[in-house]
Amino acid sequence: MSKRSFDDWSSEYMVCTEFAAAYMRSNPDAVIKFGEVQGNDHAWVYDPETDRTLDATLSQWEGFIAGCERDDWWPGDRHPLAEETEEFHSLEVFAKGPGGNCLLED
């Protein structure tokens, strides 16, 4: 995983697209995944270096993660609670699509 702990990522970001963009900036090999959770658009990341799916902002759906083995990361490249529709290997492509151009402004 990145030099930062996952708790740091979870505490700092409340918006899924911002988390995904920040994680990719720090971990260039990460893949941004995009899809739906409970019918709402959502973004998360897969980190091939650690072979983990990371979702620092899933807690925005209160109670949704109850009963899950983990509430913010899972082994492998599949999110057990989200339906994936797209994946992005470039922050620029993600920002020009569902992420929003504001992610390119630092």
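With 3.5 Å as the limit, one finds no donor-acceptor pair spanning the side chains of H89 and D29.
Counting only residues at least two apart or on different chains, the salt bridge (Lys or Arg N to Asp or Glu O under 4.0 Å) pairs with a member in residues 79-92 are K33-E84, K33-E87.
Note that CH2 of W73 and OG1 of T53 are 10.5 Å apart. Values are rounded to the nearest 0.5 Å. Interatomic distance, CZ of F19 versus CD1 of I32, reported as 9.5 Å (0.5 Å rounding).
Qualifying side-chain hydrogen bond (donor to acceptor under 3.5 Å, both in side chains) partners for D51, counting only residues two or more places apart in sequence or in other chains: Y46.
Under the 4.5 Å side-chain criterion, counting only non-hydrogen atoms from C-beta, D41 is in contact with F34. By the 4.5 Å heavy-atom criterion applied to side chains, L81 and W74 are counted as neighbours. Counting only heavy atoms from C-beta outward, the side chains of T57 and H42 approach each other to under 4.5 Å. Under the 4.5 Å side-chain criterion, counting only non-hydrogen atoms from C-beta, D47 is in contact with Y23.
Under the 4.5 Å side-chain contact rule for hydrophobic residues, W44 and L91 do not share a cluster. Tracing side-chain contacts under 4.5 Å through hydrophobic residues (I, L, V, M, F, W, Y), one reaches L54 starting from L103; they form part of the same cluster.
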Assess the residue pair V45 and M24 against the criterion (side-chain contact (heavy atoms from CB on, under 4.5 Å)); give the C-alpha distance rounded to whole Å, side-chain angles, the decisive distance to 0.1 Å, and a yes or no.
CA-CA 8 Å; V45 297; M24 184 174 251; 5.7 Å; no
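The heavy-atom pair separating V37 from A82 by the smallest distance is CG2-CB, 3.5 Å.
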